[in-house]
Amino acid sequence: QVQLVEFGGGLVQAGGSLRLSCAASGRTFTSYSMGWFRQAPGKEREFVAALTSGTVGLYYAKYADSVKGRFTISGDNAKNTVYLQIDSLKPEDTAVYYCAATVLKSVDLTMSKWYDYWGQGTQVTVSS
């Protein structure tokens, strides 16, 4: 069992930056693959980024095409926290951002169905 709490959302102007954090309690997050998803009003939840571990000391990140080059996912083992750095924000990035965790590693981490644990979400609003 793991509990996830996101924070760091807010209102920001287009072109600005935010760093979202997802703090995990319970088992250490290195036991999980971690993902970020977002859901805009009237739209389905969509994949943003994922981070999973492979060989000791190596982590693999995956990004949605729409955020490549602007979003960076990273983790801090000591703090049991995963981050999502968001740069060059656009109004279309406005959404509730959710952190998720799964014990699975060798699956398509872009698919929300593989994730067992979800945070409550944090709102990101980008003004033009």
Side-chain angles (χ1 to χ4, degrees):
Q1 190 78 10
V2 64
Q3 291 78 44
L4 304 173
V5 179
E6 308 100 329
F7 48 96
L11 173 63
V12 64
Q13 288 189 329
S17 297
L18 279 175
R19 188 176 78 160
L20 306 183
S21 301
C22 173
S25 61
R27 294 171 61 180
T28 59
F29 90 92
T30 53
S31 301
Y32 295 87
S33 296
M34 303 297 295
W36 284 97
F37 290 77
R38 67 185 180 184
Q39 187 166 20
K43 294 187 177 181
E44 293 186 353
R45 188 171 299 187
E46 66 173 356
F47 169 75
V48 174
L51 187 68
T52 191
S53 61
T55 307
V56 174
L58 294 179
Y59 286 84
Y60 301 92
K62 185 176 180 66
Y63 298 94
D65 288 342
S66 60
V67 307
K68 281 181 181 177
R70 298 190 299 119
F71 288 27
T72 304
I73 188 171
S74 62
D76 185 329
N77 294 351
K79 295 182 178 180
N80 232 21
T81 299
V82 174
Y83 303 100
L84 186 68
Q85 177 69 37
I86 309 175
D87 298 317
S88 303
L89 277 157
K90 304 176 181 180
E92 52 263 43
D93 294 320
T94 295
V96 177
Y97 284 70
Y98 297 91
C99 174
T102 175
V103 296
L104 303 176
K105 296 185 182 291
S106 300
V107 295
D108 184 352
L109 293 174
T110 69
M111 301 179 70
S112 61
K113 70 177 184 179
W114 297 121
Y115 293 85
D116 301 307
Y117 307 101
W118 292 83
Q120 82 289 349
T122 185
Q123 176 71 48
V124 173
T125 303
V126 184
S127 62
S128 56

Any residue meeting side-chain contact (heavy atoms from CB on, under 4.5 Å) with V126, in chain and number order, not counting sequence neighbours: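 Here the qualifying residues are V12, A14, L89, P91, D93, T94, V124.
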- prompt: Residues two or more places apart in sequence or in another chain: which of them pass side-chain contact (heavy atoms from CB on, under 4.5 Å) with T72?
  reply: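 Once residues adjacent in sequence are excluded, the partners of T72 under the side-chain contact (heavy atoms from CB on, under 4.5 Å) criterion are Y63, Q85.
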Would you say that [X] contacts [Y] through its side chain, given a criterion of any heavy-atom pair below 4.5 Å between the two side chains?
X	Y	answer
D76	Y83	yes
V82	I73	yes
F71	L84	yes
Y32	T52	no

- prompt: D87 and S17: side-chain donor and acceptor closer than 3.5 Å?
  reply: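 Distance-only check passes for D87 and S17.
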task: For side chain to side chain contact (heavy atoms under 4.5 Å, CB included), just list the numbers for V96 and T122, CA-CA rounded to whole Å, side-chain angles, deciding distance to a tenth of an Å, and then say yes or no.
output: CA-CA 5 Å; V96 177; T122 185; over 6 Å; no
[atom1]-[atom2] distance between [X] and [Y], expressed to the nearest 0.5 angstrom:
X	Y	atom1	atom2	value
D108	K113	CG	NZ	8.5 Å
L51	Y60	CG	OH	11.5 Å
S112	R45	OG	CZ	7.0 Å

query: Short question: side chain of D116, backbone of T102 - any donor-acceptor pair under 3.5 Å?
result: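 Answer holds: no.
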message: Would the distance check show the side chain of T81 and the main-chain N or O of K79 forming a donor-acceptor pair, the cut-off being under 3.5 Å?
response: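 Side chain of T81 to backbone of K79, a donor-acceptor pair under 3.5 Å: yes, one is there.
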Review item, side-chain donor-acceptor pairs of residues 2-11, under 3.5 Å, at least two apart:
unit_1	atom_1	unit_2	atom_2	d
Q3	OE1	S25	OG	2.9
E6	OE1	Q120	N	3.0
E6	OE1	Q120	NE2	3.4
E6	OE1	G121	N	2.8
E6	OE2	C99	N	2.7
E6	OE2	G121	N	3.3

- prompt: For E46, what residues pass the salt bridge (charged side-chain N to carboxylate O under 4.0 Å, His left out) criterion, not counting sequence neighbours?
  reply: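 Result, salt bridge (charged side-chain N to carboxylate O under 4.0 Å, His left out) vs E46: R38.
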field: Pairing residues for K90 by the salt bridge (charged side-chain N to carboxylate O under 4.0 Å, His left out) criterion, not counting sequence neighbours
entry: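 Partners of K90 under the salt bridge (charged side-chain N to carboxylate O under 4.0 Å, His left out) test: none.
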task: Name all pairs fulfilling the ring pair (Phe, Tyr, Trp, His ring centres under 6.0 Å) condition that reach into residues 33-53, sequence neighbours left out, sorted by first residue then second.
output: F37-F47, F37-Y115, F37-W118
